[in-house]
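Presented below is the structure to which this report refers.
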Amino acid sequence: MSFMQEHLPALQVVLPLVAASLCALFRVGYLSWLITLSSSILSFLVAVFLLLRVLEQGIISYEIGGWSPPFGIEYRVDLINAFVLLIVSCVSAVIVPYTQKSISARFGSTEQSWFYCMYLLVLTGLLGVTITGDAFNIFVFLEISSLASYALIAMGRDRRGLTAAYQYLIMGTIGATFIVIGIGLLWAMTGTLNLYDLASRLPEIKSSRPVLAALAFLTVGVSLKLALFPLHLWLPNAYAYGPSVASAFLAGTATKVSIYLLLRFFFTIFGGATFFTETPLPEILKILALIAMFAASIVAIFQSNIKRMLAYSSVAQIGFIILGISYATETSLTGAMTHMFNHAIMKAGLFLLLGAIMFRLGSVKIEELSGIGRKMPLTMAGFVILGLSLIGAPGTAGFISKWYLGLGALEQGEWWILVLIVSASLLTMIYIGRVVEVAYFREPTDEVVQLKEAPLEMLWPAYLLIAAAIYFGFDTSFSADLARQAAVLLVNAVY
Amino acid sequence: MNYNSGKPISGLRSQIPKFVNFQNIFYFFCVLLLVIDFSFITHHETSFDSIPFFYAAFGFFGSVIFVILAVKIRKLLLRAEDYFDD
Amino acid sequence: MSLILASINYWVTIILMIGGLYIVVAHGNMVKKLVGLGIFQTSVYLLFLSPGKILGGTAPIISEKFEVYSNPLPHVLILTAIVVGVATIALGMALVVRINEAYGTIEDDEVHEMEQE
Amino acid sequence: MIEFPPGLILIFGAILVPILKGYVRLVWTLILPLFAFLVILSLPNGNLFSLNAFGQELQLMRVDQLSRLFSYVFLLASFIGGIYSFHLRDSIEAPASLIYGGASVGAVFCGDLLSLFVFWEITAIASVFLILARKTARARSSAIRYLIIQIGSGMLLFAGLTIRWHQTGNIDFGHIGLDSPGGLLIFLAFGIKCAFPLLHSWLVDAYPEATVTGTVILSIFTTKLAIYVLARGFAGTEELIWIGAIMASFPIFYAILENDLRRVLSYSLINQLGFMVVAIGIGTEMALNGAAAHAFTHIIYKALLLMSVGALLYRTGTSLGSQLGGLFKSMPLTAGFCMIGAASISAFPFFSGFVSKAIILSAVAHEGYFVTWLVLLFASAGTLHYVGIKIPYFAFFSSQPGIKVKEAPINMLIAMALAAALCIFIGVYPSLLYDLLPYPINYVPYTASHILSQSLLLLFSASAFIILLRKGIYPKQLNSTHLDVDWFYRKPGRDLIRYIFIMTSSFYNHLGSNLIDRFERFVYQLYRHHGPHGVLARTWPTGSMVLWVAVLLVAYLLFYFI
């Protein structure tokens with residue numbers, strides 16, 4: 001047991017990786033699903049244990065292969081990435097039970113195995129990016145997860161999934177390469193790749209040009225990966241035309257991990273909140289975030305494909321998170337990290353429910369959904385609850401994060417930001433309201449009349465997320481308090 | 001403008017015979033109240049409501065002015081029924 | 001001139017980088033875009049490798065005969081990066097093949113037009 | 001004794017409603033308010049229930065005389081509304097009304113602004129379903145306008161409370177006042193729900209578009225909740241006197257012109273709110289008593305009036321004054337109840353409106369606001385015209401051949417009878433109501449002077465009506481629209497918003513391609529071989545995205561290096 005405990009950080013990454021190769025090896029659909037399910041749940045448990053240990057004894061440092069840092073690769077778990085690990089593994093563990101039904105309906109046994117293999121590789125990559133303390137390792141894991149997610153998206157039902165995957169590939173690769181360039185420049189200046197070693201060496205040469213260039217490359221690269229306006233153009237198509245499961249998974253995790261990277265680079269490596277006050281970065285980020293909040297929401301209002309609408313909504317929500325980051329205070333970062341957590345729950349749940357509609361109806365065009373609330377009451381009720389949470393209605397998780405974001409803005413005396421947050425939420429209300437109106441207040445079309453409620457296997461994972469979205473709307477002791485502790489670490493650049 | 005001219009009030013004519021008695025009673029009450037007001041009751045809500053027939057005059061002329069004003073205002077505000085529809 | 005020659009590796013890196021990006025932007029053929037992407041990635045390999053080379057240095061095998069060694073780390077890293085790059089290009093090519101099957105063309109404006117319908 | 005926010009009884013109880021059918025549903029929807037009422041009755045005064053959430057201690061049960069009074073009347077109205085809507089077969093309206101009522105009761109007991117905000121938003125969201133359930137295109141677009149404004153009010157409240165919290169460190173809901181930006185925002189939020197002049201258009205826009213029962217339910221809660229919170233937070237705010245005076249007077253002009261009887265009643269709702277707002281602005285104990293009492297009686301008689309017009313709409317399919325008339329013979333009971341409601345709102349002696357309005361008028365006169373007093377007197381005379389006479393006259397007495405309908409359904413009649421009985425009962429035994437008022441009161445409404453002055457006012461005002469009608473001066477009922485403040489956002493505002501949306505989305509869509517266009521022209525100069533159909537002009541996203549990458553990179557580099 002103590003052996004297991006000691007190697008938990010490695011297990012976190014190795015488990016899904018091994019499971020992925022097993023899937024590729026056996027190529028039996030159902031077996032692969034079982035493997036995926038068990039490894040997802042196990043890695044969720046590992047993440048929980050890691051979090052508990054971090055809370056108990058502080059930072060865990062793990063030396064891969066016994067090579068001590070900064071020469072070897074170090075896995076280092078602190079509160080910040082333990083939190084993100086938990087988000088990623090939790091979303092994954094909830095989604096896997098759902099996948100069986102929707103994937104087996106479309107793919108043969110072998111293809112299913114490949115799907116699960118890719119899914120697990122994405123998971124591996126995301127967990128790896130989060131847990132590793134080595135800059136180059138970040139790039140490798142990032143590419144593992146990205147390559148696998150391109151493949152996942154290309155498995156969509158629509159041929160546009162292929163072009164979406166291709167676009168995503170081009171953009172993702174450029175983003176990753178930018179990150180490598182940034183890392184390369186930092187390495188050239190300091191001679192180390194260990195994040196924490198970097199963090200201790202950088203302050204002396206912080207204002208030298210290569211370091212600033214590295215910062216620019218890292219910022220752009222990560223912004224691309226996290227789909228910050230205007231670098232988000234790959235995201236809507238990718239989420240809209242990929243399989244619903246992939247959309248749910250990626251929406252819940254991939255962008256969150258990229259945001260984590262941003263936090264890690266900005267706050268840990270470049271020295272916490274002081275770095276923010278010294279550069280014009282917060283202003284740029286704030287403006288981009290505000291544009292994202294509004295432009296993407298407005299575009300979302302005009303979408304006819306609900307998956308695309310939600311994808312644009314993701315861009316807007318990322319805007320909210322980045323807005324919180326741009327203030328770089330304890331409260332605003334708490335808001336940003338809580339929103340990361342809440343948004344992962346809400347968006348994953350929304351995409352799962354849409355997947356259920358897609359499964360039954362074969363379309364998620366808004367005009368084809370009229371009256372669906374009567375035929376799929378549970379699905380649509382869930383959609384409404386999560387929609388409310390997305391809007392930020394009190395009593396739901398979404399409210400908590402916007403509350404902290406608003407407070408963060410108020411602390412800086414910028415009450416008008418509060419007004420903007422509120423108006424962006426109103427825009428959210430409009431696009432969610434459109435769906436609700438069509439689903440409940442229009443007469444069902446002939447196709448809709450024949451529908452049955454979504455299968456239970458697809459509903460309960462979604463409802464688990466819905467329950468979480470409500471629960472975290474009332475009990476903030478887990479999400480917000482943990483986020484606050486993490487925010488304190490970030491602001492003070494403790495590592 | 002394509003609104004109907006509405007229902008004419010002329011229908012009232014046919015009903016008035018039924019109301020004749022009622023109307024007389026109504027007017028009788030008006031006069032009776034005026035008399036009572038003038039002879040027995042003093043009002044003291046404000047300084048000026050003890051002026052004789054204050055309430056009656058206010059009620060009557062207030063209403064007349066109000067209705068005439070409303071008719072004038074209507075000229076400004078009146079639009080077709082489907083004005084807001086596209 | 002000597003300034004350029006002294007840091008020739010960086011100049012080459014920059015030229016490759018810009019050239020690669022330009023191809024990605026300017027060419028509508030999806031395969032050519034991937035080629036551009038490849039060139040862009042290659043520039044990064046150079047960026048990492050060139051500072052690792054020390055003139056007169058040798059392979060980092062400890063021996064009494066040599067005192068100056070090249071830094072082995074970038075080679076290891078770039079080996080990984082090349083693998084990643086190859087995988088990316090391979091996946092990209094696979095996607096292009098599938099796009100060609102689905103749309104009958106790999107010119108992105110034609111594909112785009114078909115998607116708009 | 002159950003220490004549990006009583007509003008939640010209705011909210012949670014509503015979940016069961018869609019499952020239930022027929023009489024079981026009726027009994028359930030009646031038991032819920034009854035049970036909540038008994039719970040509140042058993043509660044002592046004080047802060048009874050607090051909850052830790054959002055890092056704050058939320059007071060969910062502040063029980064005192066004022067909150068008791070409003071909760072009683074809300075539950076009473078819910079009860080009557082439950083009977084009235086018995087005939088409904090759809091599964092949206094009934095639970096929505098219960099949740100709406102529950103949230104209003106919940107809001108009344110909130111001891112802090114944050115939980116108030118929560119219930120505030122629930123009322124907004126639950127109520128919009130009552131409008132949407134009409135299922136017409138007009139109702140749909142009206143509902144969306146309504147929702148946006150209601151949520152907007154909630155957001156203002158939220159912004160106000162955060163600012164206030166930030167300044168004072170607590171979010172207790174006591175007296176707020178206008179002297180801080182937070183207080184101002186909260187005032188505005190309350191003002192929207194209270195239909196302050198210029199902020200009132202949502203009410204007359206949306207209420208007449210709701211369903212038959214929906215309008216009745218809507219008229220009960222939102223605005224009276226606003227009166228309650230104003231009485232709590234802004235009692236004695238001088239500005240309210242003027243706002244209230246305007247509210248009491250301007251709607252009478254619209255009400256007399258409007259054709260849709262439900263819209264007439266919506267305007268009259270604002271006019272009656274005006275009386276309460278004036279009383280709150282005066283802020284003495286007597287005035288606040290008057291506001292509370294008037295809110296109580298008003299809820300009942302306004303519901304009664306809307307129920308009777310709703311019954312007409314239900315039977316005839318229209319509520320337009322120009323298409324109704326002569327229904328006295330076919331719907332005599334409804335007509336009778338309607339006239340009781342009309343007498344109450346016109347404040348005839350021995351009807352409920354009289355005993356509450358008299359307190360307000362006396363309080364206004366007592367504090368020496370003579371102009372306000374005259375305005376309110378004028379508004380009272382107007383009320384008689386547009387509701388007291390106009391509604392019964394055009395609905396039941398003016399002749400209109402060809403409409404032969406049945407009497408209203410029995411459940412509607414029972415509901416109306418209950419409300420009508422209450423109107424008379426309170427009018428005759430005012431002490432029942434006075435005992436419930438927040439402050440001790442020894443007011444005698446039935447003095448000879450009061451009765452006489454009110455009778456004179458009403459009778460002579462009525463005689464003016466008769467004369468004007470005969471002379472043909474009285475405005476005709478026209479199928480028409482009368483412009484109100486909502487014109488600003490429904491015509492130029494809507495066009496502006498459309499324009500902005502179109503501009504943003506096209507800007508957004510073409511941003512990439514335009515930039516590339518420019519870039520292409522630039523490149524074309526340099527490299528002629530690219531030709532006129534240069535690939536750079538293409539809009540496929542990878543190209544423009546990569547360009548964005550480059551642009552941003554350069555931007556960041558510049559910013560960092562400077």
Exercise for the section: With the side chain counted from C-beta on, respond yes when C:Val84 and A:Phe139 share a heavy-atom pair under 4.5 Å apart, and no when they do not. Expected result: yes
Fill in the blank from the handout: Scanning both residues in full, the closest heavy-atom pair of C:Leu95 with A:Ala154 reads CD2-CB, 3.5 Å
Exercise for the section: Let me know if C:Ala81 has heavy atoms under 4.5 Å from chain A in its side chain, its backbone, both or neither. Expected result: both
Practice task
Could you check if a side-chain atom of A:Phe178 sits within less than 4.5 angstrom of a side-chain atom of C:Met17, using non-hydrogen atoms only?
Solution key: no
Practice task
Say whether, by atom type as modelled, one donor and one acceptor occur between the side chain of A:Tyr166 and the main chain of C:Met30 under 3.5 angstrom.
Solution key: yes
Completion exercise
Counting heavy-atom pairs under 4.5 Å with chain C, the top scorer among A:Ile144, A:Leu147, A:Asp158 is A:Leu147
Completion exercise
Separation between CG (A:Leu169) and NZ (C:Lys33), nearest 0.5 Å, reads 12.0 Å
Handout entry: A:Leu193 side chain reached by C:Leu77 side chain, heavy atoms, under 4.5 Å
Key = yes
Fill in the blank from the handout: Honestly, the part of A:Ile174 sitting under 4.5 Å from a heavy atom of chain C is both
Practice task
For the residue pair C:Arg98 and A:Arg159, establish whether any side-chain heavy-atom pair is separated by less than 4.5 Å.
Solution key: no
Practice task
Identify which part of C:Leu34 has an atom lying under 4.5 Å from any heavy atom of chain A, answering side chain, backbone, both or neither.
Solution key: both
Practice task
Could you tell me the separation between the CE atom of A:Met171 and the CG atom of C:Leu37, rounded to the nearest 0.5 Å?
Solution key: 9.5 Å
Practice task
Could you tell me how the ring of C:Phe48 sits relative to the ring of A:Trp187: parallel (under 30°), tilted (30 to 60°) or perpendicular (over 60°)?
Solution key: parallel
Problem - From C:Tyr103 atom OH to A:Leu162 atom CG, the distance as rounded to the nearest 0.5 Å - result: 6.5 Å
Fill in the blank from the handout: Rounding to 0.5 Å, atoms CD1 (A:Ile183) and CG (C:Leu47) come to a distance of 11.5 Å
Practice task
Let me know if C:Thr80 has heavy atoms under 4.5 Å from chain A in its side chain, its backbone, both or neither.
Solution key: side chain
